[in-house]
Amino acid sequence: MKPYTTYAIRDPRDGCYIYVGQTSDYEKRVKTHLRPRKKRPNYGAGFENIKTRLYDMLSIGLAPEITPLETCHNEAASIESETRWVQKLAKEGHPLLNRWRKHRVITKREGVAPEAKKRAR
């Protein structure tokens, strides 16, 4: 059985973490995140998520930093790990783009430090 990996994506332009994820196939997931897209995902004016942010970076020749944070032996432990890391990084002021409802609640509750909001633009 493959281990599960909790990982984070950092925007090299400002050093902020923008996403925390978990996967049972880390190498494949990294390749998926770095795969060039033909056009920018369109979710409506002013909407940004991890896909749009990655597209914007890759389209100008920047590669996001993808870092493994923790290895777990099963999916349940990995999901718990992902949530802990979302909470930790949100408390530090990183502008996370996680979509899972539980994670959106954490990021809204923890807020983003004003300096991180400025860096994220």
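Just so it is clear, the values below take in all heavy atoms, side chains as well, and ignore hydrogens, waters and symmetry mates.
- When all heavy atoms of Asp14 and Cys16 are compared, the pair lying nearest together is OD1-N, 2.8 Å.
- Classified by interplanar angle (parallel below 30°, tilted 30° to 60°, perpendicular above 60°), the ring pair His33/Tyr19 is perpendicular.
- Interatomic distance, Ser81 OG to Glu70 CD, rounded to the nearest 0.5 Å: 3.5 Å.
- The shortest side-chain heavy-atom distance between Tyr26 and Thr71 does not fall under the 4.5 Å cut-off.
- Looking at every heavy atom in both residues, Thr23 comes nearest to Asp25 through OG1-N, 3.0 Å.
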Audit row: Arg10, Thr67, side chain to side chain contact (heavy atoms under 4.5 Å, CB included) steps and yes/no: CA-CA 8 Å; Arg10 186 190 301 244; Thr67 307; 5.8 Å; no

Trace of the side chain to side chain contact (heavy atoms under 4.5 Å, CB included) decision for Glu82 with Thr5: CA-CA 9 Å; Glu82 180 184 28; Thr5 303; over 6 Å; no

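- We find the OG1-CG distance between Thr32 and Leu54 to be 11.0 Å, quoted to the nearest 0.5 Å.
- Under a hydrophobic clustering in which Ile, Leu, Val, Met, Phe, Trp and Tyr are joined whenever their side-chain heavy atoms come within less than 4.5 Å, directly or via other members, Val30 and Val20 fall into different clusters.
- Side-chain contact, Gln22 with Thr6: no donor N or O sits under 3.5 Å from an acceptor N or O.
- Taken to the nearest 0.5 Å, the CD atom of Gln87 stands 4.5 Å off from the NZ atom of Lys91.
- Residues Pro64 and Ile18 form no side-chain contact, since every pair of their non-hydrogen atoms from C-beta on lies 4.5 Å or further apart.
- The CD atom of Glu80 sits 8.5 Å away from atom CG of Asn74, with the distance rounded to the nearest 0.5 Å.
- The cationic group of Arg37 does not satisfy the cation-pi geometry with Tyr55, failing either the under 6.0 Å distance to the six-membered ring centre or the 45° limit from the ring axis.
- Tracing side-chain contacts under 4.5 Å through hydrophobic residues (I, L, V, M, F, W, Y), one never reaches Tyr7 starting from Leu96; they form parts of separate clusters.
- When hydrophobic clusters are built by joining Ile, Leu, Val, Met, Phe, Trp and Tyr residues whose side-chain heavy atoms come closer than 4.5 Å, directly or via intermediates, Ile9 is not grouped with Leu69.
- Between Pro12 and Met57, the shortest heavy-atom distance links the atoms CD-SD, 3.5 Å.
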Lys88 and Glu92: CA distance, side-chain angles, deciding distance, salt bridge (charged side-chain N to carboxylate O under 4.0 Å, His left out) verdict: CA-CA 6 Å; Lys88 177 186 184 325; Glu92 292 176 4; 2.5 Å; yes

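- Side-chain atoms of Asn49 come within 3.5 Å of backbone atoms of Thr52 as a donor-acceptor pair (strictly under, hydrogens ignored).
- Expressed to the nearest 0.5 Å, how far NZ of Lys28 lies from NZ of Lys2 amounts to 8.5 Å.
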Stepwise side chain to side chain contact (heavy atoms under 4.5 Å, CB included) test for Asn98 and Thr107: CA-CA 8 Å; Asn98 288 61; Thr107 57; 5.6 Å; no

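- Within the model, atoms OG of Ser24 and OH of Tyr4 stand 5.0 Å from one another, a figure rounded to the nearest 0.5 Å.
- In plain terms, the two heavy atoms of Leu34 and Leu58 that are nearest each other are O-CD1, 3.7 Å.
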